[in-house]
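Order of the sequence lines fixes the chain letters, A, B, ..., with proteins taken first and strands second; residue numbering starts at 1 for each chain. Computation of the quantities below employed the complete heavy-atom set of this structure, encompassing side-chain atoms and omitting hydrogens, waters and symmetry-equivalent molecules.
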There are 2 protein chains.
Amino acid sequence: MCKRLRSVRGMPRDTLTREQIVRTAVELLDAEGLEGLNMRALGQRLGSAATAVYWHVQNKDNLVLLATDHVWGELALPDLEAVGWRTAATAMATDLYAMFIRHPWLVQALAAHVLYGEGKARHDDHSFAVYEAAGFTGARADQAAAAVFTYVLGNAAGAAATASLTRRLTRDGAIAEEHFQAAMAEAQQIAMGYPHLRARLETPAATEYTAAADKAFEFGLHALLDGLEQQIAA
Amino acid sequence: MCKRLRSVRGMPRDTLTREQIVRTAVELLDAEGLEGLNMRALGQRLGSAATAVYWHVQNKDNLVLLATDHVWGELALPDLEAVGWRTAATAMATDLYAMFIRHPWLVQALAAHVLYGEGKARHDDHSFAVYEAAGFTGARADQAAAAVFTYVLGNAAGAAATASLTRRLTRDGAIAEEHFQAAMAEAQQIAMGYPHLRARLETPAATEYTAAADKAFEFGLHALLDGLEQQIAA
DNA sequence: CAACTTACTTGAACTAAGTACAAGTCGAGG
DNA sequence: CCTCGACTTGTACTTAGTTCAAGTAAGTTG
């Protein structure tokens, strides 16, 4: 949207930078999702031709990779000495989850490409430290960290799917809303054919379930950390 | 690849069916991944024009959705009475994980779209039954089932990314191999800048870590189920 | 200061892929 | 035999990733 400032006399020309491109790409990704990111739109937002980006970045895949690693930097690393491993672990997982919610496209990116950069390394290192502090040694600490990470990632996948749906709904308006209602009705129809799902739909406390869904992340995280704690004791 | 048989005199014309299209789409997805699926290739594999598919299926998104629900049917539902909840839960999770490994594109599809169909409903229903049998009631059973499901899904995301990489490597040959080696070297470079990651790389038992990575899924699953078991007791 | 070089930008153009559409083909029923 | 409805096809439009040759602006050198 915002055109870059034209250079003032005597100043170096105001060119694009990789940093700026990546930041703008993240903005676009947040707003439009992974399939909403395209080079022409990015160019427009940068106030330059779409193809100008290619001087700074190999290709779109590479750009997504850079964007992915960029957002990793947003994560805070709790002070392990101050709070103890379990609090630190919970904080990191919750923080990570929040980041995935802020950037739902991330999950898709992670499922599509193996990626490793500065930001992820920084996070991994601290994560590893946390589970070592918990009492896991060597490869075991790795497994524990991986378990929590994948748990968070899996939770985020659901959220990403919902985010994509919501975006479509708000973008396409009434037509999409109708489709959505129809899909919901069909889903309900299907669910009624299975005893447990049916019971869930028919319980008077149906709202209890939607409330519980919001708490599902914390619940599972808690259970997982409990389980890990138990492994240490054994 | 295989052209459909031309009709024999007097027999009904041999036309495409939704079933056949979906099955072929799954084949293609397994072989080429989500981004490798395209309508022209699908048409070719079906022995028909790419656009013929559109008579049977709304659009590509819809096709992926159908494919997704189709593979859900592959899952076995363990007999809860016979084996007890924990064994059943482990079996279901492991089976689910194996399915994700067989169909790595599934994870990407799930992260991109909210989807609900017959196959998923069937699985959800049984899963719910398992956690009710474990002692969770109502929304709690839901949360427990969701926790395990998302854990498996998160694990699968990593596998999906690796699968995509492997496919690219085998497809693009030596050029990609070089890229890959370079990326690995860079990753190692980065890791050396962080104390714990560095220690991991420098330990003489480095192979222990790769071996542990394969067992990470079981390890985390075990911990998670332990944690859930503990919740019931409380 | 002019020529040159390097660093970037641009517009045009090629390609792949999703999909609409009009026209065709085939089997069945009247 | 005619025709209707089910299905298929080829053409073509569109969007999006990417390449490339040509352009332009700062800085550098003679």
Listed partners of Leu34(A) passing side chain to side chain contact (heavy atoms under 4.5 Å, CB included), at least two apart: Leu29(A), Val64(A), Trp105(A), Gln108(A)

Tyr116(B)-Gln188(A) side chain donor-acceptor pair, cut-off 3.5 Å: no

Rounded distance (Å) that lies between atom C1' of dT25(C) and atom CG of Leu16(B): 14 Å

Inter-residue atom distance Asn155(A).CG - Ile101(A).CD1, 0.5 Å rounding: 8.5 Å

Whole-Å gap separating P (dA17(C)) and CZ (Arg45(B)): 15 Å

Leu96(B), Leu224(B), Val107(B) screened by side-chain contact (heavy atoms from CB on, under 4.5 Å) with Val152(B), the one that passes: Leu96(B)

Distance in Å, Leu46(B) CG paired with Thr24(B) OG1, rounded so as to fall on 0.5 Å steps: 4.0 Å

Whole-Å distance separating the CD atom of Gln44(B) from the C1' atom of dG18(C): 17 Å

Rounded distance (nearest 0.5 Å) linking atom CG of Leu63(B) with atom CG of Leu37(B): 6.0 Å

Arg122(A), His126(A), Lys120(A) screened by side-chain contact (heavy atoms from CB on, under 4.5 Å) with Asp124(A), the one that passes: Lys120(A)

Phosphate OP1/OP2 of dT9(C) contacted by His56(A) side-chain N/O (<4.0 Å): yes

Distance in angstrom units between Arg18(B) CZ and dA6(D) C1', rounded: 16 Å

Mutual orientation of the aromatic rings belonging to Trp72(B) and His123(B) [parallel < 30°, tilted 30-60°, perpendicular > 60°]: perpendicular

Degree of bending in the helix from dC1(C)-dG30(D) to dG30(C)-dC1(D) once both end axes are built from five pairs, to 10°: 30°

Nearest-Å distance for atom pair CG/P, residues Asn62(B) and dA20(C): 12 Å

Sequence-aligned protein contact record of nucleotides 14-21 of chain D, with B where the base is within under 4.0 Å of a protein heavy atom and S where only the sugar-phosphate is: --BBBB--

Protein-nucleotide distance (Leu63(B), atom CG; dT19(C), atom C1'), rounded to Å: 14 Å

